[in-house]
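Here's the structure we're looking at; comments come further down.
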Amino acid sequence: MSLLTYSGITTKVRAMQSHLLSEEQFQTMAGLEDVRSAADFLKQQPAYADIFTDLDDTRLHRGFIEQLLTRSEYRDFAKLYRFSSLSQRKFLDLYFLHYEIDIIKQILRNVISSRKADLNLSMFQEFFERHASVDLIALSQSADLAEFTTRLEGSVYEGLLTRLSDSGEATLFDYEMALDLYYFKTIWRTKKKILSKAEQSILNECFGCRLDLLNVQWIYRSKKYYHLPAADIYGLLIPVSYRLRSEQIRQMAEAASLDDFYAALKDTYYGGTDPARLEAQPDVELLYHQILNQIYAKTSRKHPYSIAILDSYFYFKELEMRKIVTTIEGIRYGLGAGEILALIKKQ
């Protein structure tokens with residue numbers, strides 16, 4: 001049944017995967033002399049050829065390049081959506097929540113900082129009109145927080161963010177945390193309604209590990225940078241655990257020092273599955289990316305005719321976009337190819 005259901009979409013995804021940049025192509029791009037050359041290089045690649053065509057030198061700043069890359073991502077989503085079956089579209093509709101919340105967070109940053117929006121969503125208008133649950137174009141034009149919350153009336157975000165706004169004490173961190181928690185809870189709850197048990201199990205491996213590792217990151221950052229007490233750390237965590245036991249979370253959150261935190265982490269699934277992975281005190285963010293890259297690659301290979309093929313494609317597409325931005329910014333600031341490639345390997 002899975003083979004019949006997914007044979008068409010799997011073939012489509014594999015064709016699109018063949019256009020993702022290889023390690024050798026990133027090596028080539030990292031050695032280019034300027035941003036113009038990097039843009040010209042991307043224009044030669046099938047995934048970006050039409051998007052980077054006619055890009056003049058006045059529009060080579062980071063914000064516009066990121067918008068072009070995002071356009072490529074949304075175009076891929078739209079292609080797969082058109083090609084997908086009704087059941088596959090249910091997953092894609094759920095996945096779109098990731099894009100919607102990311103845009104809302106970007107708009108919030110501009111509104112709260114009173115910064116003129118460097119966010120032109122007009123090129124995505126048709127895409128958002130088809131998929132979004134709120135008018136993101138209108139929302140991006142909000143002049144202040146009051147107007148922003150007014151434009152959310154009737155949406156699932158209205159009560160969530162209005163309560164914070166009415167408190168008068170909420171920070172950008174509070175808003176973003178509330179949106180993140182809503183996203184994670186919604187995905188974890190809704191997948192049970194739209195996926196078979198077999199596909200839930202597949203998605204759990206990727207998404208469950210992702211939630212666990214985000215909690216590990218937040219505990220680590222809370223301790224290293226903010227020195228928060230355990231009670232405050234618990235309030236920041238996603239209320240979902242997959243391979244982390246409650247006792248392990250408690251040991252990390254209540255660790256008296258970073259040494260104790262790392263000792264507790266080493267006893268978890270993420271510290272113990274690969275002895276070479278954990279040094280005495282590894283880079284936790286690097287660990288996050290290394291483990292997820294392995295899990296998504298393994299899951300898509302093991303279950304090619306399942307929801308994993310879609311989930312993993314979007315994961316690696318976003319990874320590629322981050323690497324491209326890192327490469328271009330490294331070139332912009334005069335870093336050598338070796339330095340740029342070292343930064344890419346951390347993603």
Side-chain angles (χ1 to χ4, degrees), residues 95 98 176-177 180-181 183-185 187-189 191 199-303 306-308 311-320 322-323 326 342-347:
Y95 191 91
H98 162 67
E176 293 196 340
M177 177 63 70
D180 285 339
L181 289 176
Y183 168 70
F184 295 132
K185 289 177 181 177
I187 293 287
W188 199 253
R189 180 181 66 250
K191 65 181 174 58
E199 290 198 316
Q200 285 181 51
S201 178
I202 293 168
L203 190 62
N204 284 350
E205 181 65 18
C206 294
F207 198 71
C209 289
R210 201 169 190 170
L211 300 189
D212 281 348
L213 289 165
L214 281 171
N215 276 339
V216 169
Q217 274 192 322
W218 286 345
I219 293 172
Y220 171 76
R221 290 173 179 171
S222 296
K223 289 194 161 296
K224 182 172 182 177
Y225 301 113
Y226 306 111
H227 310 292
L228 296 180
D232 290 345
I233 293 175
Y234 289 134
L236 301 176
L237 300 184
I238 304 163
V240 172
S241 61
Y242 179 57
R243 294 190 180 275
L244 287 178
R245 300 193 306 273
S246 299
E247 177 62 17
Q248 293 172 327
I249 294 173
R250 186 193 66 77
Q251 288 176 346
M252 287 188 287
E254 298 181 9
S257 65
L258 284 179
D259 286 339
D260 291 340
F261 165 83
Y262 281 115
L265 175 60
K266 192 169 184 178
D267 287 336
T268 70
Y269 170 83
Y270 304 102
T273 53
D274 182 355
R277 187 184 284 154
L278 264 182
E279 302 169 3
Q281 292 196 358
D283 183 325
V284 172
E285 293 194 15
L286 177 58
L287 188 70
Y288 171 88
H289 292 300
Q290 286 177 334
I291 293 175
L292 286 184
N293 291 351
Q294 291 173 6
I295 288 172
Y296 274 89
K298 178 181 177 182
T299 303
S300 62
R301 286 196 305 268
K302 188 175 179 182
H303 306 284
S306 74
I307 207 71
D311 193 33
S312 65
Y313 178 76
F314 293 126
Y315 175 83
F316 286 110
K317 178 69 176 184
E318 291 189 7
L319 175 61
E320 175 173 282
R322 292 198 303 271
K323 288 182 175 181
T326 298
L343 291 173
I344 286 176
K345 287 181 179 179
K346 292 185 176 182
Q347 298 180 328

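K323 has no carboxylate O lying under 4.0 Å from a charged side-chain N of E320, or vice versa, which leaves the two without a salt bridge.
Of the inter-residue distances, the one linking F261 atom CZ with L258 atom CG reads 7.5 Å to the nearest 0.5 angstrom. Summarising the geometry, atom OH belonging to Y270 is positioned 5.0 Å from atom CG belonging to L213; distances are rounded to the nearest 0.5 Å. In this structure, the separation between CG on L292 and CG on D212 is 10.0 Å, given to the nearest 0.5 Å. Here Y262 contributes atom OH and M252 contributes atom CE; the two are 12.0 Å apart, rounded to the nearest 0.5 Å. Summarising the geometry, atom CZ belonging to F207 is positioned 8.5 Å from atom CG belonging to D311; distances are rounded to the nearest 0.5 Å. The distance from atom NZ of K191 to atom CG of N204, rounded to the nearest 0.5 Å, is 4.0 Å.
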Query raised in the report: Hey, mind stepping through S222 and L236 against side-chain contact (heavy atoms from CB on, under 4.5 Å) and telling me if it holds?
Result: CA-CA 9 Å; S222 296; L236 301 176; 3.6 Å; yes
Query raised in the report: Are W188 and L211 close enough, and set up right, to give a side-chain contact (heavy atoms from CB on, under 4.5 Å), and what steps lead you there?
Result: CA-CA 10 Å; W188 199 253; L211 300 189; 4.0 Å; yes
Query raised in the report: Can E205 and H303 be said to form a side-chain hydrogen bond (donor to acceptor under 3.5 Å, both in side chains), step by step?
Result: CA-CA 12 Å; E205 181 65 18; H303 306 284; over 6 Å; no
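Between Y315 and Y296, the ring planes are parallel. Angles under 30° get that label, and only those over 60° would be called perpendicular. A perpendicular orientation is assigned to the rings of Y225 and Y220, their planes being inclined by more than 60° (bins at 30° and 60°).
Of the options R221, Q347, Q290, a side chain to side chain contact (heavy atoms under 4.5 Å, CB included) to E285 is made by R221 and by none of the others.
Considering all non-hydrogen atoms of both residues, Q251 and A264 come closest at CB-CB, 3.9 Å.
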